[in-house]
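Just so we're on the same page: letters track the sequence lines, and every chain starts at 1.
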Amino acid sequence: MEPILSGEVKVRFAPSPTGPLHIGGARSALFNWLFARRYGGKFVVRIEDTDLERSSRESEENIVSSLRWLGLDWDEGIDVGGPGGPYRQTERLDLYKRYAEQLLANGMAYRCYCSEDELAAQRESQLAAGDMVRYTGKCRDLTPEDCARLEGEGRKPVIRFRVPADKLITVRDKVRGDVNFDCAGIGDFIIVKSDGIPTYNFAVVVDDHFMGITHVMRAEEHLSNTPLQVLLYEALGWPVPAFAHVSLILGKDRSKMSKRHGATSIEQYRELGYLPEALVNFLALLGWSPGTEDEVLTLEQLQEQFSLERVSKSPAVFDLEKLNWLNGYYIRHSSLERITELAVPFLQKAGYLPENPDKTMWEKARLIAAAIRERIEYMDQVTEQARVFFVDPGYEDPQARDILAQEQVPEVFRALQDKLAALPAVLDEETARGLLKKLPKELGLGGKKVYQPLRVALTGKTSGPELHHLLPVLGSQRVITRLQNALAAAGA
RNA sequence: GGCCCCAUGGUCAAGUGGCCUAAGACACCGCCCUUUCACGGCGGUAACCCGGGUUCGAAUCCCGGUGGGGUCACCA
């Protein structure tokens, strides 16, 4: 397998399939995608599944479908294939083996027979002493005879990279500048585990090299791994790619975003009814800014404007309030058709709409969507907002009861009932609007005296959707029922 | 604790030595629109972590402190 030679930009997103796609992973994927698109390069998605214990196909599928849902696509990688494949590390084991052997042969790596228990004890004492935890090099100079003996004892070796004693490694980072590390603080690290599977640090280097990756863009948590990888590139005689470490996304308490900070996977936001473009827009603004006053940006605009120079160095707190605002903005600015389609599953889940809604049911859903779309920030909220259309109110609220007790109320309700009786049972919004509008004048009353009791009677609340949105959804029959119920409740 | 990164309002952030008596957005507050809430419009409160340098001049450069974060696995 030869590296793909090209002068263009090539980046990758390389998640390990140990869980659903995380907010932070999604942002890394997005940044890589934007970078590739901005510079006319290639974007690849590779699965790093060398952790046999925790990796699963289920997670892999979740990651792939979440990426797609966000609107990202890739030129090469899992699911789509490409010249640098396979794109799952467990399917590339021969490749890693070849280079591990090369390193072994030229003495840059060696077998280590220390047991995990021995290592753990050592680590503990180093940590207690306040040193950098690192392998002491116990197996560095084992003779072939030593190895044979240890293997005779049934020990399975790992392969360690021999880290040069006094060397300074400079990581050239596009967002952080040069970052220096002293090899004295780095112990000989494992590149192949005792089961023959390569570790992350080794596999990532081999793959990025053979896949022709020009820029490694990833989260800052990987920064301290980077010198190890640079060492490997040098040992293997391969060119070192450019790095760009993007700072972390933090929870409200300023620690790395995790489950305890609430919804952290893309899937969860999808299920709550967030729109992909809102998430993309929000994520893009977390750690990057366009430098203009624009806040609402489409994927297209983002890919035209994205640049590494504008990626921020400091960590960003995930601000759910702002995501909610942005998502609400997108809901308000999407077509009513789309919002209706998105709302239907939530209405069904609440039992407000049948499994297979017919045309009139869809029309009803459409009216509901129109009535509440300015009041919700994500689609899951339609359940609560739509309640008023389906559940008759109880009139327990004291403030509501006061309003119903006003003296003009019976007259107002009677007037509306009479009007409805004279009309077809199915009302459209125009009719409702016109009818409502004339009411105060006809009764010689102020708007407030008319509308407030009606609102309370129909919803049980003093706030909610516009009355002319309410009537068509409820229909004359239900409106009349609620007016009578309200009167009865007020009299009680 | 060692190593590494970071530091402008509550949050995201613009700012790359004078244009800063520091932008914009979210949140918050007020006013307007309105039958209510919401939406929308207008306005407001609110920040350069501290201390030393460098410089005619520092939010911007340097050093130190402090604070926060990351990382120290046969996980990625």
- Query: Should A:Phe189 and A:Tyr200 be marked as a ring pair (Phe, Tyr, Trp, His ring centres under 6.0 Å) after you check the CA-CA gap, both sets of side-chain angles, and the distance that decides it?
  - Reply: CA-CA 11 Å; A:Phe189 56 93; A:Tyr200 162 72; over 10 Å; no
Base, sugar-phosphate, or nothing for [X], non-hydrogen atoms under 4.0 angstrom?
| X | result |
| --- | --- |
| A:Thr50 | sugar-phosphate |
| A:His245 | nothing |
| A:Phe282 | nothing |
| A:Arg176 | sugar-phosphate |

Taking [atom1] from [X] and [atom2] from [N], how many angstroms apart are they, rounded to a whole number?
| X | N | atom1 | atom2 | value |
| --- | --- | --- | --- | --- |
| A:Tyr135 | B:rC72 | OH | P | 19 Å |
| A:Phe202 | B:rC74 | CZ | P | 16 Å |
| A:Lys256 | B:rG69 | NZ | P | 13 Å |

- Side chains of A:Thr170 and A:Asp178: do they bring a donor and an acceptor to under 3.5 Å? no
- Task: Check the angle between the aromatic planes of A:Tyr269 and A:Phe318 and answer parallel, tilted or perpendicular using the 30° and 60° thresholds.
- Result: tilted
Interface polar pairs with nucleotides 13-20 of chain B, N/O, under 3.5 angstrom:
{"from": "B:rA13", "atom 1": "OP1", "to": "A:Gly287", "atom 2": "N", "distance (Å)": "2.8"}
{"from": "B:rA13", "atom 1": "O3'", "to": "A:Ser289", "atom 2": "OG", "distance (Å)": "3.4"}
{"from": "B:rA14", "atom 1": "OP1", "to": "A:Ser289", "atom 2": "OG", "distance (Å)": "3.1"}
{"from": "B:rA14", "atom 1": "O3'", "to": "A:Arg310", "atom 2": "NH2", "distance (Å)": "3.1"}
{"from": "B:rG15", "atom 1": "OP1", "to": "A:Arg310", "atom 2": "NH1", "distance (Å)": "3.0"}
{"from": "B:rG15", "atom 1": "OP1", "to": "A:Arg310", "atom 2": "NH2", "distance (Å)": "3.2"}

- Item | Test ring-ring contact (aromatic ring centres under 6.0 Å, His included) applied to A:Tyr378 - qualifying residues, sequence neighbours left out | A:Tyr274
- Task: Would you kindly check if the NZ (Lys) or CZ (Arg) of A:Arg310 is within the cone defined by 45 degrees around the ring axis of A:Phe306 and under 6.0 Å from the six-membered ring centre?
- Result: no
- Return yes if the base of B:rG24 and the side-chain atoms of A:Glu295 contain a donor-acceptor N/O pair under 3.5 Å, otherwise no. yes
- Pair of N/O donor and acceptor under 3.5 Å linking B:rA25 base with A:Asp294 side chain: no
Side-chain donor-acceptor distances from residues 382-393 of chain A under 3.5 Å, at least two apart:
{"from": "A:Thr383", "atom 1": "OG1", "to": "A:Asp380", "atom 2": "O", "distance (Å)": "3.2"}
{"from": "A:Gln385", "atom 1": "OE1", "to": "A:Arg375", "atom 2": "NE", "distance (Å)": "3.3"}
{"from": "A:Asp392", "atom 1": "OD1", "to": "A:Arg482", "atom 2": "NE", "distance (Å)": "2.6"}
{"from": "A:Asp392", "atom 1": "OD1", "to": "A:Arg482", "atom 2": "NH2", "distance (Å)": "3.1"}

- Task: Taking only heavy atoms on the protein side, list every residue of residues 153-165 of chain A lying under 4.0 Å from any atom of RNA chain B, sorted numerically.
- Result: A:Val158
- Would you list the pairs meeting side-chain hydrogen bond (donor to acceptor under 3.5 Å, both in side chains) in which at least one residue belongs to residues 275-291 of chain A, sequence neighbours left out? A:Glu277-A:Arg338, A:Asn281-A:Tyr330
- Does the side chain of A:Lys437 get closer than 4.0 angstrom to OP1 or OP2 of B:rU35 through an N or O atom? no
- Query: Is A:Glu466 salt-bridged to A:Arg455, cutoff N-O under 4.0 Å?
  - Reply: no
Enumerate the protein-to-nucleotides 40-43 of chain B contacts in which both atoms are nitrogen or oxygen and the separation is below 3.5 Å.
{"from": "B:rG40", "atom 1": "OP1", "to": "A:Arg332", "atom 2": "NH1", "distance (Å)": "2.9"}

